[in-house]
Amino acid sequence: MSWPETTRRVADGSLEFGGVSAVDLAREFGTPLYVFDESTLRSRARWIRDAFLHAYERSRLVYAGKAYLSPALMRILVEERIGLDVVSGGEIYAGLRAEVDPRQMIFHGNNKSRAELEEAVAAGVGLIAIDNDLEITLLENAARDSGRTVDVVLRLNPGVEVHTHHKMRTGATDSKFGFPVWDGQAEEAAARICRSTHLHLVGYHAHVGSQIFDPTLVAQTIGVIMEFAGQVHVRSGVIPAVVIPGGGFGIADDASGADVDIGAWAKAAANAIERGCLTHGFPLPILVVEPGRAIIGPSGLTLYSVGSQKMVPTVRTYVSVDGGMADNIRPALYGARYAATLANRDPAGEPLQTVTIAGKYCESGDVLIDDALLPGLEAGDLLAVPMTGAYCLAMASNYNLSPRPAVVIVAGGAARLIRRRETYADLLSSDVFDSAASAEFDQPRLSAQKGSL
Ligand SMILES: Cc1ncc(COP(=O)(O)O)c(C=O)c1O
């Protein structure tokens, strides 16, 4: 577990991030609140970018937007010369709004629609990762109709088994992603693309999963890619210009553990590419890596307010907070483990107790943290949960018709709102229903807000 690099406990005992006190953040923006530290975001992006450039000069970093794609945060990554991996028309749209150069985008997904492919072609997205047979047809038609030629990489299923949560594996034999390399499907797909007059095969992609801590797996994955590239070269003459082993760098988002060694990962990737090129006589291709969580995860944290508490004799004590699975589904979905710290006062010297931090949603599985060791808590206390920048807001829902939280960036003693808290009206903004009835319904609440009821 790590905190944003600007985290401090200040004289009044509260925590501050980017020079802004947690108490002030909660007062101004309410809770639950997602806080991103600009300096941590920049330094993590630079650290990963530079580690790869150091190990392999022809490397490029793209951010996997699925981890959390906020235009304001993406602008910062653009300033750090980082591209964008997108998986939907919505992410292409958000990337364009963040002024990402479309040529620096890679479009992924195992069931892209014709409309999304047309959007990608029209926007000038630099690379499309072809995942399946239908997509070859759809993209060829979209490219032909727009009169363009599109650069593509072939997404491979390399059959590499990784030791991570089964829901985070994407390149094991049993996977919905990519063309299997072991039974001729991938080779046939490559040959089909080579016959196309509108698609240009420039390389290969294989992302084998997330939360991976063993760099030898990237070497294994690239080994499979390069061997496959060799076969395609013999059959169709394609020399790979781009090799993409995905992202998935493990970070310690639980209560213990350490991040993967990015330098070792980069070196393993570089060695595997160089070895493959030597074997097949290829010039060195561009290596693209696509981390999401390793960039954004530790840059973000969540502030929650403590509410009710319940002691179940001989079982456990529940402490409920004002968020939970609607803003962070990861504990319920993957068994992800987080830790929490008291943020509004210094707990030093106070006795600690083991409690379960529960969310406020109508599911027994809505537990954020099992067995958290915390001082005695009171309603209104603030808890800070670090390492929540990735795959929390990105998967957030309006379960129980709850407005999604506000999001701020902190830097240099100031907080900037980058997403306002949703309102009740936002919750129903896409519903189509009788507007007269809605006006009647809304009226008492509006009056109450003005103090007239
Ligand atoms: C194709 C691809 N690239 C990159 C990533 C990013 O993974 P992570 O956020 O674990 O780095 C994913 C995640 O699912 C992915 O599917």
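We're numbering straight along the sequence, starting at 1. Both counts, for ligands and for their atoms, begin at 1 and track the order of listing. Every value quoted in this text rests on a predicted model; they were computed, and no experiment measured them.
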Can you find a non-hydrogen atom of [X] under 4.0 Å from ligand 1?
{"X": "F177", "answer": "no"}
{"X": "A67", "answer": "no"}
{"X": "A294", "answer": "no"}

[X] heavy atoms, cut-off 4.0 Å: which ligand 1 atoms fall inside?
{"X": "Y391", "result": "6 (C), 7 (O), 8 (P), 9 (O), 13 (C)"}
{"X": "A64", "result": "4 (C), 5 (C), 6 (C)"}
{"X": "S210", "result": "7 (O), 8 (P), 10 (O), 13 (C)"}
{"X": "P291", "result": "11 (O)"}

Requested in this report: Indicate whether any N or O donor in one side chain lies under 3.5 Å from an N or O acceptor in the other, for S43 and E5.
Outcome: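 Yes, because at least one side-chain N or O of S43 sits under 3.5 Å from a partner of the opposite role on E5.
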Query raised in the report: Have T216 and D214 got a donor and an acceptor in their side chains that come within less than 3.5 Å?
Result: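 Result is yes, a qualifying pair exists.
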Query raised in the report: What is the ring orientation for W3 with F17, classed by angle as parallel under 30°, tilted 30 to 60°, or perpendicular over 60°?
Result: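 Aromatic pair W3/F17 classed parallel.
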Query raised in the report: For the residue pair F249 and W265, does the interplanar ring angle fall in the parallel (under 30°), tilted (30 to 60°) or perpendicular (over 60°) class?
Result: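 Judged by the thresholds at 30° and 60°, the geometry between F249 and W265 is perpendicular.
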Query raised in the report: Are the ring centres of Y391 and Y68 closer than 6.0 Å?
Result: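 No, the ring of Y391 stays outside the 6.0 Å limit from the ring of Y68, centre to centre.
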Query raised in the report: Does the separation of the ring centres of F282 and H233 fall below 6.0 angstrom?
Result: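 Here the rings of H233 and F282 have centres that are less than 6.0 Å from each other.
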**Report entry** Test: R235 and E188 ion pair at under 4.0 Å
**Finding:**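 Looking at E188 together with R235, the answer is yes, because their closest N to O distance falls below 4.0 Å.
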**Report entry** Candidate with minimal heavy-atom separation from atom 16 (O) of ligand 1, of H108, E290, K66
**Finding:**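 Among H108, E290, K66, the closest heavy atom to atom 16 (O) of ligand 1 belongs to K66.
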Requested in this report: With atom 13 (C) of ligand 1 as the reference point, say which of H205, H207, R155, Q211 has the nearest heavy atom.
Outcome: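 Heavy atom nearest to atom 13 (C) of ligand 1 belongs to H207.
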Report task. Just let me know how R293 lines up against ligand 1, side chain, backbone, both or neither, with a heavy-atom cut-off below 4.0 Å. Result ->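 The answer is both, backbone and side chain.
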Report task. Heavy-atom distances under 4.0 Å are what count here, so tell me which part of D85 touches ligand 1: side chain, backbone, both or neither. Result ->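 The answer is the side chain.
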**Report entry** Pi-cation contact, F52 with R49 (under 6.0 Å, within 45°)
**Finding:**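 No cation-pi geometry.
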